[in-house]
Amino acid sequence: MHNKVLPAILLHRSIFIIFAFWIFITFASLDNLPIPFGGYYNVWRIGQITVLLLACFAFLILPKRSLLNHYWLLLPTTLASLSYFLLYFLGIQNTTAFLTISLNILFITAIVYFAVIFTLDFQWYEKILAFIAFMPIPAIVYFVTGIIIHFFDPTYSDHGHNHFANIRYFNDALLPALLILWLRPSFLAQPKYNKIIAILSVLYFYIFFSDGARAIMLAFTLAFLVILLFDFKRKNAINKPLIYLIITVLCFYGLNYLTSLLNSGAELDNLKLSRTTSSGRIDLYIYALKNFIQHPIFGVGIANFTLPPDPIFHGQGHPHNLLLMWLSEMGIFGIILSILLCIASLKLFLIRKKIPTWGWVGIFMLLANGMLSGALVYPLSQMLSLLVVAYIYAKYQNEHERQPASPTQYGWTLKATLISKAIVLFAIPILLVTTYWIYSYLRDTPLNTQDVILDETLIYRAQGPSTWQQNPIVNFPKE
(Lines give C-alpha, C1' and ligand atoms only; values in the text may rest on other atoms or scores of the structure.)
Protein backbone atom coordinates (compact mmCIF):
# COMPACT_ATOMS: atom_id res chain seq x y z
CA MET A 1 0.00 0.00 0.00
CA HIS A 2 1.39 3.39 -0.98
CA ASN A 3 2.69 5.46 1.94
CA LYS A 4 0.70 8.52 0.79
CA VAL A 5 -2.52 6.54 0.52
CA LEU A 6 -2.40 4.84 3.92
CA PRO A 7 -2.94 7.99 6.08
CA ALA A 8 -5.96 8.98 3.98
CA ILE A 9 -7.49 5.49 4.29
CA LEU A 10 -6.94 5.52 8.05
CA LEU A 11 -8.52 8.99 8.32
CA HIS A 12 -11.65 7.98 6.43
CA ARG A 13 -11.96 4.71 8.33
CA SER A 14 -11.53 6.52 11.65
CA ILE A 15 -14.36 8.90 10.80
CA PHE A 16 -16.64 5.99 9.99
CA ILE A 17 -15.71 4.24 13.24
CA ILE A 18 -16.69 7.43 15.11
CA PHE A 19 -19.95 7.48 13.14
CA ALA A 20 -20.67 3.84 14.05
CA PHE A 21 -19.78 4.46 17.70
CA TRP A 22 -22.24 7.39 17.83
CA ILE A 23 -24.98 5.13 16.46
CA PHE A 24 -24.23 2.52 19.12
CA ILE A 25 -24.18 4.89 22.12
CA THR A 26 -27.42 6.49 20.90
CA PHE A 27 -29.25 3.16 20.63
CA ALA A 28 -27.72 2.04 23.93
CA SER A 29 -28.78 5.31 25.63
CA LEU A 30 -25.19 5.93 26.74
CA ASP A 31 -25.33 9.49 25.42
CA ASN A 32 -25.33 11.33 28.74
CA LEU A 33 -23.22 14.46 28.26
CA PRO A 34 -21.92 16.61 31.15
CA ILE A 35 -23.02 19.74 29.24
CA PRO A 36 -26.81 20.38 29.36
CA PHE A 37 -28.51 20.46 25.95
CA GLY A 38 -32.17 20.42 26.94
CA GLY A 39 -32.93 16.77 26.17
CA TYR A 40 -31.55 13.75 24.37
CA TYR A 41 -32.89 14.81 20.98
CA ASN A 42 -30.61 17.85 21.13
CA VAL A 43 -27.71 15.63 22.24
CA TRP A 44 -28.32 13.46 19.16
CA ARG A 45 -28.31 16.55 16.96
CA ILE A 46 -24.99 17.66 18.44
CA GLY A 47 -23.63 14.18 17.77
CA GLN A 48 -24.89 14.36 14.20
CA ILE A 49 -23.30 17.78 13.69
CA THR A 50 -19.98 16.38 14.96
CA VAL A 51 -20.10 13.46 12.51
CA LEU A 52 -21.11 15.74 9.64
CA LEU A 53 -18.29 18.18 10.37
CA LEU A 54 -15.75 15.35 10.34
CA ALA A 55 -17.19 13.95 7.11
CA CYS A 56 -17.19 17.33 5.39
CA PHE A 57 -13.62 18.14 6.43
CA ALA A 58 -12.62 14.79 4.94
CA PHE A 59 -14.66 15.54 1.80
CA LEU A 60 -12.72 18.78 1.35
CA ILE A 61 -9.43 16.89 1.14
CA LEU A 62 -10.69 14.17 -1.20
CA PRO A 63 -8.64 14.40 -4.41
CA LYS A 64 -10.63 15.27 -7.50
CA ARG A 65 -9.68 11.96 -9.15
CA SER A 66 -11.76 10.22 -6.45
CA LEU A 67 -14.84 12.23 -7.43
CA LEU A 68 -14.70 12.57 -11.20
CA ASN A 69 -16.37 9.20 -11.89
CA HIS A 70 -19.42 10.18 -9.85
CA TYR A 71 -21.20 12.47 -12.30
CA TRP A 72 -24.71 11.19 -11.48
CA LEU A 73 -24.06 11.63 -7.78
CA LEU A 74 -22.31 14.99 -7.72
CA LEU A 75 -24.48 16.92 -10.15
CA PRO A 76 -27.88 16.58 -8.37
CA THR A 77 -26.39 16.88 -4.89
CA THR A 78 -24.53 20.03 -5.89
CA LEU A 79 -27.77 21.52 -7.23
CA ALA A 80 -29.47 20.62 -3.93
CA SER A 81 -26.67 22.24 -1.90
CA LEU A 82 -26.79 25.29 -4.17
CA SER A 83 -30.54 25.61 -3.55
CA TYR A 84 -29.91 25.76 0.19
CA PHE A 85 -26.93 28.08 -0.27
CA LEU A 86 -28.98 30.68 -2.16
CA LEU A 87 -31.43 30.82 0.74
CA TYR A 88 -28.69 32.37 2.89
CA PHE A 89 -29.26 35.48 0.79
CA LEU A 90 -32.81 35.16 -0.52
CA GLY A 91 -34.71 33.43 2.28
CA ILE A 92 -35.66 34.26 5.85
CA GLN A 93 -32.54 35.35 7.71
CA ASN A 94 -32.22 34.41 11.36
CA THR A 95 -30.04 32.16 13.52
CA THR A 96 -32.30 29.11 13.24
CA ALA A 97 -32.60 29.37 9.46
CA PHE A 98 -28.86 29.84 8.90
CA LEU A 99 -28.01 26.98 11.25
CA THR A 100 -30.41 24.58 9.53
CA ILE A 101 -29.38 25.64 6.02
CA SER A 102 -25.78 24.85 6.98
CA LEU A 103 -26.83 21.55 8.58
CA ASN A 104 -28.63 20.48 5.40
CA ILE A 105 -25.68 21.44 3.20
CA LEU A 106 -23.37 19.34 5.37
CA PHE A 107 -25.87 16.45 5.33
CA ILE A 108 -26.05 16.46 1.52
CA THR A 109 -22.25 16.64 1.32
CA ALA A 110 -21.97 13.72 3.76
CA ILE A 111 -24.17 11.60 1.47
CA VAL A 112 -21.66 12.23 -1.33
CA TYR A 113 -18.67 11.66 0.93
CA PHE A 114 -19.82 8.34 2.39
CA ALA A 115 -21.07 7.09 -0.99
CA VAL A 116 -17.66 7.81 -2.54
CA ILE A 117 -15.52 6.34 0.25
CA PHE A 118 -17.76 3.26 0.42
CA THR A 119 -17.05 2.81 -3.29
CA LEU A 120 -13.28 3.25 -2.85
CA ASP A 121 -12.92 0.84 0.09
CA PHE A 122 -16.07 -1.24 -0.26
CA GLN A 123 -15.25 -4.46 1.58
CA TRP A 124 -14.07 -2.76 4.77
CA TYR A 125 -17.04 -0.37 4.98
CA GLU A 126 -19.45 -3.18 4.16
CA LYS A 127 -18.08 -5.18 7.10
CA ILE A 128 -18.51 -2.26 9.54
CA LEU A 129 -22.02 -1.70 8.16
CA ALA A 130 -22.82 -5.33 9.01
CA PHE A 131 -21.83 -4.63 12.63
CA ILE A 132 -24.01 -1.49 12.60
CA ALA A 133 -26.99 -3.73 11.82
CA PHE A 134 -26.65 -5.15 15.35
CA MET A 135 -26.29 -1.82 17.15
CA PRO A 136 -30.02 -1.44 18.02
CA ILE A 137 -29.75 -4.61 20.17
CA PRO A 138 -29.28 -2.73 23.50
CA ALA A 139 -32.47 -0.77 22.78
CA ILE A 140 -34.25 -4.00 21.83
CA VAL A 141 -33.16 -5.66 25.10
CA TYR A 142 -34.48 -2.67 27.05
CA PHE A 143 -37.79 -2.84 25.18
CA VAL A 144 -38.20 -6.60 25.69
CA THR A 145 -37.39 -6.21 29.39
CA GLY A 146 -40.20 -3.67 29.67
CA ILE A 147 -42.60 -6.08 27.94
CA ILE A 148 -41.66 -8.91 30.34
CA ILE A 149 -42.17 -6.68 33.41
CA HIS A 150 -45.48 -5.38 32.08
CA PHE A 151 -46.58 -8.95 31.34
CA PHE A 152 -46.55 -9.69 35.08
CA ASP A 153 -47.21 -6.17 36.37
CA PRO A 154 -49.89 -4.28 34.37
CA THR A 155 -49.24 -1.11 36.43
CA TYR A 156 -45.73 -0.82 34.98
CA SER A 157 -45.78 2.38 32.92
CA ASP A 158 -42.35 2.47 31.21
CA HIS A 159 -43.01 1.67 27.55
CA GLY A 160 -39.44 0.48 27.13
CA HIS A 161 -37.81 3.14 24.98
CA ASN A 162 -35.23 4.54 27.42
CA HIS A 163 -33.88 7.86 26.03
CA PHE A 164 -36.22 7.69 23.02
CA ALA A 165 -38.88 9.80 24.75
CA ASN A 166 -40.87 10.00 21.51
CA ILE A 167 -41.52 6.48 20.22
CA ARG A 168 -41.37 7.71 16.62
CA TYR A 169 -37.68 8.62 17.04
CA PHE A 170 -37.11 4.96 17.91
CA ASN A 171 -39.34 3.46 15.20
CA ASP A 172 -37.93 5.67 12.44
CA ALA A 173 -34.37 4.71 13.40
CA LEU A 174 -35.21 0.99 13.47
CA LEU A 175 -36.56 0.96 9.90
CA PRO A 176 -33.22 1.69 8.13
CA ALA A 177 -31.47 -0.59 10.65
CA LEU A 178 -33.83 -3.41 9.65
CA LEU A 179 -33.21 -2.72 5.95
CA ILE A 180 -29.45 -2.97 6.53
CA LEU A 181 -30.06 -6.32 8.19
CA TRP A 182 -32.07 -7.57 5.19
CA LEU A 183 -29.45 -6.32 2.73
CA ARG A 184 -27.05 -8.70 4.51
CA PRO A 185 -23.79 -6.86 3.88
CA SER A 186 -20.44 -8.64 4.22
CA PHE A 187 -20.47 -11.61 6.66
CA LEU A 188 -24.26 -11.35 7.18
CA ALA A 189 -24.66 -13.05 3.79
CA GLN A 190 -23.51 -16.31 5.41
CA PRO A 191 -26.34 -18.82 6.14
CA LYS A 192 -25.26 -19.17 9.79
CA TYR A 193 -26.71 -15.70 10.46
CA ASN A 194 -30.19 -16.64 9.19
CA LYS A 195 -31.60 -17.36 12.65
CA ILE A 196 -30.18 -14.16 14.16
CA ILE A 197 -31.63 -12.09 11.32
CA ALA A 198 -35.00 -13.84 11.71
CA ILE A 199 -35.14 -13.21 15.48
CA LEU A 200 -34.16 -9.55 15.16
CA SER A 201 -36.63 -9.04 12.30
CA VAL A 202 -39.49 -10.44 14.39
CA LEU A 203 -38.48 -8.22 17.33
CA TYR A 204 -38.34 -5.14 15.09
CA PHE A 205 -41.75 -5.95 13.64
CA TYR A 206 -43.11 -6.50 17.16
CA ILE A 207 -41.93 -3.03 18.18
CA PHE A 208 -43.60 -1.49 15.12
CA PHE A 209 -46.86 -3.25 16.07
CA SER A 210 -46.56 -2.37 19.75
CA ASP A 211 -45.89 1.31 18.99
CA GLY A 212 -48.64 1.55 16.38
CA ALA A 213 -46.15 2.66 13.69
CA ARG A 214 -48.72 3.11 10.92
CA ALA A 215 -46.45 4.96 8.49
CA ILE A 216 -43.79 2.23 8.69
CA MET A 217 -46.28 -0.62 8.31
CA LEU A 218 -47.83 1.18 5.34
CA ALA A 219 -44.33 1.45 3.85
CA PHE A 220 -43.92 -2.34 4.22
CA THR A 221 -47.31 -2.95 2.61
CA LEU A 222 -46.37 -0.76 -0.34
CA ALA A 223 -42.98 -2.48 -0.56
CA PHE A 224 -44.58 -5.93 -0.91
CA LEU A 225 -46.94 -4.62 -3.60
CA VAL A 226 -44.17 -2.81 -5.48
CA ILE A 227 -42.00 -5.94 -5.55
CA LEU A 228 -44.90 -8.00 -6.95
CA LEU A 229 -45.67 -5.36 -9.57
CA PHE A 230 -42.21 -4.19 -10.68
CA ASP A 231 -39.74 -6.90 -9.61
CA PHE A 232 -41.82 -10.02 -10.04
CA LYS A 233 -38.92 -12.25 -11.10
CA ARG A 234 -37.38 -11.66 -7.66
CA LYS A 235 -40.66 -11.97 -5.77
CA ASN A 236 -39.04 -14.54 -3.48
CA ALA A 237 -37.47 -11.56 -1.71
CA ILE A 238 -40.74 -11.07 0.19
CA ASN A 239 -41.01 -14.67 1.41
CA LYS A 240 -38.91 -14.39 4.56
CA PRO A 241 -40.21 -10.91 5.54
CA LEU A 242 -43.77 -12.25 5.21
CA ILE A 243 -42.89 -15.20 7.45
CA TYR A 244 -41.36 -12.77 9.98
CA LEU A 245 -44.53 -10.69 9.81
CA ILE A 246 -46.83 -13.69 10.36
CA ILE A 247 -44.76 -14.85 13.35
CA THR A 248 -44.87 -11.32 14.76
CA VAL A 249 -48.67 -11.11 14.45
CA LEU A 250 -49.05 -14.45 16.24
CA CYS A 251 -46.65 -13.40 19.04
CA PHE A 252 -48.25 -9.97 19.37
CA TYR A 253 -51.83 -11.13 19.75
CA GLY A 254 -50.80 -14.25 21.67
CA LEU A 255 -48.95 -12.20 24.30
CA ASN A 256 -51.86 -9.80 24.56
CA TYR A 257 -54.26 -12.69 25.13
CA LEU A 258 -52.03 -14.30 27.77
CA THR A 259 -51.58 -10.98 29.52
CA SER A 260 -55.33 -10.41 29.67
CA LEU A 261 -55.81 -13.91 31.16
CA LEU A 262 -53.16 -13.35 33.82
CA ASN A 263 -54.17 -9.78 34.66
CA SER A 264 -57.98 -9.87 34.67
CA GLY A 265 -58.42 -8.47 31.18
CA ALA A 266 -55.59 -5.90 31.28
CA GLU A 267 -53.59 -6.06 28.04
CA LEU A 268 -50.05 -4.95 27.26
CA ASP A 269 -49.49 -1.22 26.85
CA ASN A 270 -49.68 -1.05 23.05
CA LEU A 271 -50.75 1.64 20.62
CA LYS A 272 -53.23 0.47 18.00
CA LEU A 273 -52.33 0.47 14.32
CA SER A 274 -55.97 1.00 13.33
CA ARG A 275 -56.66 4.44 14.76
CA THR A 276 -59.60 6.53 13.61
CA THR A 277 -57.71 9.83 13.25
CA SER A 278 -54.68 11.00 11.30
CA SER A 279 -53.06 12.22 14.57
CA GLY A 280 -53.26 15.75 13.21
CA ARG A 281 -51.38 14.87 10.00
CA ILE A 282 -54.08 16.05 7.59
CA ASP A 283 -54.36 19.36 9.44
CA LEU A 284 -50.57 19.73 9.29
CA TYR A 285 -50.54 19.02 5.55
CA ILE A 286 -53.26 21.57 4.86
CA TYR A 287 -51.52 24.15 7.02
CA ALA A 288 -48.18 23.51 5.25
CA LEU A 289 -49.85 23.97 1.86
CA LYS A 290 -51.40 27.23 3.06
CA ASN A 291 -47.93 28.37 4.12
CA PHE A 292 -46.61 27.58 0.65
CA ILE A 293 -49.48 29.43 -1.04
CA GLN A 294 -48.90 32.46 1.17
CA HIS A 295 -45.10 32.38 0.73
CA PRO A 296 -44.56 30.74 -2.69
CA ILE A 297 -41.23 32.38 -3.54
CA PHE A 298 -38.88 31.72 -0.62
CA GLY A 299 -41.18 30.02 1.88
CA VAL A 300 -41.55 30.78 5.58
CA GLY A 301 -37.88 30.04 6.24
CA ILE A 302 -35.82 26.92 6.85
CA ALA A 303 -36.84 25.38 10.22
CA ASN A 304 -39.17 28.36 10.71
CA PHE A 305 -42.36 26.32 10.30
CA THR A 306 -44.71 27.52 13.03
CA LEU A 307 -48.25 26.65 14.03
CA PRO A 308 -51.26 28.63 15.21
CA PRO A 309 -52.27 28.20 18.88
CA ASP A 310 -54.59 25.27 18.08
CA PRO A 311 -54.35 22.07 20.16
CA ILE A 312 -55.15 19.89 17.14
CA PHE A 313 -51.58 20.42 15.89
CA HIS A 314 -49.99 19.13 19.10
CA GLY A 315 -47.30 21.82 18.85
CA GLN A 316 -45.42 20.11 16.02
CA GLY A 317 -42.32 21.82 14.61
CA HIS A 318 -42.50 20.29 11.10
CA PRO A 319 -45.28 19.15 8.72
CA HIS A 320 -44.50 15.40 8.93
CA ASN A 321 -44.01 15.30 5.18
CA LEU A 322 -40.66 15.94 3.50
CA LEU A 323 -42.04 17.48 0.30
CA LEU A 324 -44.49 19.73 2.14
CA MET A 325 -41.71 20.82 4.49
CA TRP A 326 -39.58 21.81 1.51
CA LEU A 327 -42.45 23.66 -0.15
CA SER A 328 -43.62 25.52 2.96
CA GLU A 329 -40.13 26.43 4.20
CA MET A 330 -38.29 26.98 0.89
CA GLY A 331 -40.87 28.00 -1.73
CA ILE A 332 -39.54 27.66 -5.28
CA PHE A 333 -36.34 26.12 -3.97
CA GLY A 334 -38.49 23.43 -2.37
CA ILE A 335 -39.92 22.76 -5.84
CA ILE A 336 -36.37 22.40 -7.18
CA LEU A 337 -35.49 19.88 -4.46
CA SER A 338 -38.72 17.97 -5.15
CA ILE A 339 -37.86 17.76 -8.86
CA LEU A 340 -34.33 16.57 -8.06
CA LEU A 341 -35.76 13.91 -5.75
CA CYS A 342 -38.18 12.75 -8.46
CA ILE A 343 -35.34 12.51 -11.01
CA ALA A 344 -33.17 10.53 -8.57
CA SER A 345 -36.12 8.24 -7.77
CA LEU A 346 -36.75 7.64 -11.48
CA LYS A 347 -33.07 6.86 -12.04
CA LEU A 348 -33.17 4.38 -9.14
CA PHE A 349 -36.33 2.75 -10.52
CA LEU A 350 -34.80 2.36 -14.00
CA ILE A 351 -31.72 0.53 -12.65
CA ARG A 352 -33.67 -1.47 -10.04
CA LYS A 353 -32.86 -4.86 -11.61
CA LYS A 354 -29.16 -4.21 -11.06
CA ILE A 355 -29.69 -3.54 -7.34
CA PRO A 356 -30.72 -5.94 -4.55
CA THR A 357 -34.50 -5.95 -4.19
CA TRP A 358 -34.47 -4.65 -0.62
CA GLY A 359 -31.98 -2.03 -1.74
CA TRP A 360 -34.05 -0.12 -4.25
CA VAL A 361 -37.33 -0.93 -2.51
CA GLY A 362 -35.79 -0.02 0.84
CA ILE A 363 -34.86 3.47 -0.35
CA PHE A 364 -38.43 4.01 -1.55
CA MET A 365 -39.67 2.75 1.84
CA LEU A 366 -37.53 5.35 3.62
CA LEU A 367 -38.96 8.03 1.34
CA ALA A 368 -42.53 6.79 1.88
CA ASN A 369 -42.03 6.87 5.66
CA GLY A 370 -40.55 10.36 5.33
CA MET A 371 -43.72 11.51 3.57
CA LEU A 372 -45.81 10.52 6.60
CA SER A 373 -43.49 11.24 9.52
CA GLY A 374 -40.39 13.10 10.66
CA ALA A 375 -38.03 10.22 9.83
CA LEU A 376 -35.96 12.41 7.48
CA VAL A 377 -35.87 15.23 10.04
CA TYR A 378 -34.82 13.39 13.22
CA PRO A 379 -31.02 13.08 13.56
CA LEU A 380 -30.54 9.32 14.11
CA SER A 381 -33.00 8.15 11.45
CA GLN A 382 -31.55 10.75 9.04
CA MET A 383 -28.05 9.37 9.43
CA LEU A 384 -29.08 5.71 9.24
CA SER A 385 -31.03 6.48 6.05
CA LEU A 386 -27.86 8.12 4.70
CA LEU A 387 -26.01 4.84 5.30
CA VAL A 388 -28.58 2.83 3.33
CA VAL A 389 -28.32 5.21 0.36
CA ALA A 390 -24.49 5.30 0.48
CA TYR A 391 -24.26 1.50 0.67
CA ILE A 392 -26.65 0.87 -2.22
CA TYR A 393 -24.84 3.42 -4.38
CA ALA A 394 -21.42 1.92 -3.61
CA LYS A 395 -22.65 -1.64 -4.16
CA TYR A 396 -24.02 -0.70 -7.57
CA GLN A 397 -20.79 1.06 -8.49
CA ASN A 398 -18.65 -1.91 -7.46
CA GLU A 399 -20.74 -4.60 -9.12
CA HIS A 400 -21.18 -2.95 -12.51
CA GLU A 401 -18.57 -1.72 -14.91
CA ARG A 402 -18.40 2.04 -14.88
CA GLN A 403 -18.18 3.85 -18.17
CA PRO A 404 -15.43 6.49 -18.25
CA ALA A 405 -16.75 10.03 -18.06
CA SER A 406 -17.17 11.87 -21.34
CA PRO A 407 -15.35 15.21 -21.72
CA THR A 408 -18.65 17.02 -21.08
CA GLN A 409 -19.39 14.96 -17.97
CA TYR A 410 -15.82 15.41 -16.80
CA GLY A 411 -16.16 19.18 -17.10
CA TRP A 412 -19.50 19.34 -15.26
CA THR A 413 -18.28 16.97 -12.55
CA LEU A 414 -15.18 19.10 -11.97
CA LYS A 415 -17.33 22.23 -11.70
CA ALA A 416 -19.75 20.48 -9.34
CA THR A 417 -16.86 19.33 -7.15
CA LEU A 418 -15.43 22.84 -6.88
CA ILE A 419 -18.84 24.40 -6.19
CA SER A 420 -19.68 21.76 -3.56
CA LYS A 421 -16.41 22.30 -1.73
CA ALA A 422 -16.81 26.08 -1.86
CA ILE A 423 -20.35 25.85 -0.44
CA VAL A 424 -19.16 23.55 2.37
CA LEU A 425 -16.33 25.93 3.24
CA PHE A 426 -18.95 28.69 3.52
CA ALA A 427 -21.41 26.58 5.54
CA ILE A 428 -19.07 25.13 8.18
CA PRO A 429 -18.22 28.37 10.05
CA ILE A 430 -21.85 29.49 9.88
CA LEU A 431 -22.97 26.21 11.45
CA LEU A 432 -20.43 26.53 14.25
CA VAL A 433 -21.28 30.16 15.03
CA THR A 434 -25.06 29.73 14.89
CA THR A 435 -24.89 26.61 17.08
CA TYR A 436 -22.99 28.67 19.65
CA TRP A 437 -25.58 31.47 19.42
CA ILE A 438 -28.54 29.13 19.85
CA TYR A 439 -27.05 27.04 22.66
CA SER A 440 -28.57 29.08 25.49
CA TYR A 441 -32.04 28.40 24.07
CA LEU A 442 -31.34 24.67 24.05
CA ARG A 443 -29.98 24.64 27.58
CA ASP A 444 -32.76 26.69 29.15
CA THR A 445 -35.77 24.53 28.27
CA PRO A 446 -38.65 24.41 28.55
CA LEU A 447 -39.53 28.06 28.17
CA ASN A 448 -43.07 29.28 28.66
CA THR A 449 -45.01 31.49 26.26
CA GLN A 450 -44.09 34.65 28.20
CA ASP A 451 -40.43 34.16 27.29
CA VAL A 452 -41.23 34.92 23.65
CA ILE A 453 -42.64 38.28 24.74
CA LEU A 454 -39.82 39.12 27.15
CA ASP A 455 -36.94 37.95 24.94
CA GLU A 456 -36.45 40.16 21.87
CA THR A 457 -34.20 37.57 20.22
CA LEU A 458 -36.56 34.59 20.57
CA ILE A 459 -39.19 34.70 17.81
CA TYR A 460 -41.10 31.50 18.55
CA ARG A 461 -40.67 28.11 20.19
CA ALA A 462 -42.44 25.04 18.83
CA GLN A 463 -43.49 22.41 21.33
CA GLY A 464 -42.42 19.67 18.96
CA PRO A 465 -39.13 18.82 17.22
CA SER A 466 -37.55 20.20 14.09
CA THR A 467 -33.85 21.02 14.04
CA TRP A 468 -34.02 20.93 17.84
CA GLN A 469 -36.45 19.59 20.40
CA GLN A 470 -38.94 22.37 21.25
CA ASN A 471 -37.38 24.07 18.25
CA PRO A 472 -36.39 27.68 19.12
CA ILE A 473 -36.68 30.16 16.24
CA VAL A 474 -34.12 32.80 17.13
CA ASN A 475 -33.02 36.11 15.60
CA PHE A 476 -29.37 37.03 15.17
CA PRO A 477 -27.96 38.41 18.45
CA LYS A 478 -28.03 42.20 18.67
CA GLU A 479 -24.66 42.50 20.33
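The structure displayed is predicted, hence computed values, not measured ones.
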From [X] [atom1] over to [Y] [atom2], what is the distance, rounded to the nearest 0.5 angstrom?
{"X": "L82", "Y": "T77", "atom1": "CG", "atom2": "OG1", "value": "11.0 Å"}
{"X": "R214", "Y": "T221", "atom1": "CZ", "atom2": "OG1", "value": "13.0 Å"}
{"X": "F131", "Y": "L188", "atom1": "CZ", "atom2": "CG", "value": "8.5 Å"}
{"X": "M371", "Y": "L218", "atom1": "CE", "atom2": "CG", "value": "13.0 Å"}
{"X": "L324", "Y": "H318", "atom1": "CG", "atom2": "NE2", "value": "12.5 Å"}
{"X": "I339", "Y": "L79", "atom1": "CD1", "atom2": "CG", "value": "11.0 Å"}

Are any of the side-chain heavy atoms of [X] and [Y] separated by less than 4.5 Å?
{"X": "D231", "Y": "V361", "result": "no"}
{"X": "H320", "Y": "L372", "result": "no"}
{"X": "I197", "Y": "K240", "result": "no"}
{"X": "L87", "Y": "I92", "result": "no"}
{"X": "S102", "Y": "I428", "result": "no"}
{"X": "I355", "Y": "L348", "result": "yes"}
{"X": "I227", "Y": "W358", "result": "yes"}
{"X": "N42", "Y": "I46", "result": "no"}

Discussion item. With ring pair (Phe, Tyr, Trp, His ring centres under 6.0 Å) as the criterion, how do F164 and F170 come out once you've worked through the C-alpha distance, each side chain's angles and the decisive distance to 0.1 Å?
Written reply: CA-CA 6 Å; F164 293 88; F170 188 41; 5.0 Å; yes
Item to complete: Apply the test side chain to side chain donor-acceptor pair (under 3.5 Å) to residues Y287 and S328: give CA-CA distance (whole Å), side-chain angles for both, the deciding distance (0.1 Å), then the verdict.
Response: CA-CA 9 Å; Y287 185 70; S328 63; over 6 Å; no
Taking the six-membered ring for Trp, are [X] and [Y] parallel (under 30°), tilted (30 to 60°) or perpendicular (over 60°)?
{"X": "F349", "Y": "F364", "result": "perpendicular"}
{"X": "F205", "Y": "W182", "result": "tilted"}
{"X": "F224", "Y": "F220", "result": "tilted"}

Item to complete: Could you check Y393 against H70 for ring pair (Phe, Tyr, Trp, His ring centres under 6.0 Å), going step by step and ending with a plain yes or no?
Response: CA-CA 10 Å; Y393 177 85; H70 299 280; 5.7 Å; yes
Using a 3.5 Å distance criterion without hydrogens, assess whether the side chain of [X] forms a donor-acceptor pair with backbone atoms of [Y].
{"X": "Q382", "Y": "L376", "answer": "yes"}
{"X": "T434", "Y": "I430", "answer": "yes"}
{"X": "E126", "Y": "S186", "answer": "yes"}
{"X": "S373", "Y": "A375", "answer": "yes"}

Discussion item. Checking I216 against F209 for the side-chain contact (heavy atoms from CB on, under 4.5 Å) test, could you report, in this order, the C-alpha distance in whole Å, the side-chain angles of both residues, the deciding distance, and whether it holds?
Written reply: CA-CA 10 Å; I216 290 175; F209 269 86; over 6 Å; no
Fill in: Partner of N304 under side-chain contact (heavy atoms from CB on, under 4.5 Å), chosen from N291, I473, T100, N471
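Single pass found, and it is I473.
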Worksheet item: ring pair (Phe, Tyr, Trp, His ring centres under 6.0 Å) between F114 and F19: does it pass, once the steps are laid out?
Response: CA-CA 11 Å; F114 285 113; F19 186 1; 5.2 Å; yes
Discussion item. For W326 and I335: C-alpha separation, side-chain torsions, deciding distance, then whether side-chain contact (heavy atoms from CB on, under 4.5 Å) applies.
Written reply: CA-CA 7 Å; W326 284 346; I335 295 175; over 6 Å; no
Item to complete: Can you see which heavy atom on I392 is nearest to which on G359, and at what distance?
Response: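 Looking at all heavy atoms of both residues, the closest pair is CD1-CA, 3.4 Å.
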Worksheet entry | Among Y378, Y41, Y169, side-chain hydrogen bond (donor to acceptor under 3.5 Å, both in side chains) partner for Q469 |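 Only one of Y378, Y41, Y169 forms a side-chain hydrogen bond (donor to acceptor under 3.5 Å, both in side chains) with Q469, namely Y169.
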Practice prompt. Please list all pairs passing the side chain to side chain donor-acceptor pair (under 3.5 Å) test where one or both residues lie in residues 332-354, with sequence neighbours left out.
Written response: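 Those involving residues 332-354 do not exist here.
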Worksheet item: Do the side-chain N and O atoms of S81 and S420 include a donor-acceptor pair separated by under 3.5 angstrom?
Response: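 Note: S81 and S420 side chains miss the donor-acceptor criterion.
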Practice prompt. Show your working on side-chain contact (heavy atoms from CB on, under 4.5 Å) between Y113 and I15 and close with a plain yes or no.
Written response: CA-CA 11 Å; Y113 168 71; I15 290 171; 3.8 Å; yes
Practice prompt. Could you go through the side chain to side chain donor-acceptor pair (under 3.5 Å) check for N171 and R168 one step at a time?
Written response: CA-CA 5 Å; N171 302 154; R168 299 301 167 233; 2.6 Å; yes
Practice prompt. Determine, step by step, whether T50 and W22 satisfy the side-chain contact (heavy atoms from CB on, under 4.5 Å) criterion, reporting the C-alpha distance in whole Å, the side-chain angles of both residues, the deciding distance to 0.1 Å, and the verdict.
Written response: CA-CA 10 Å; T50 303; W22 172 70; over 6 Å; no
Worksheet entry | Face-on cation placement of K235 at F232 ring, 6.0 Å and 45° thresholds |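 Pair K235/F232 counts as cation-pi.
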Discussion item. Please report whether the ring centroid of F118 lies less than 6.0 Å from that of F16.
Written reply: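 That pair passes the under 6.0 Å test.
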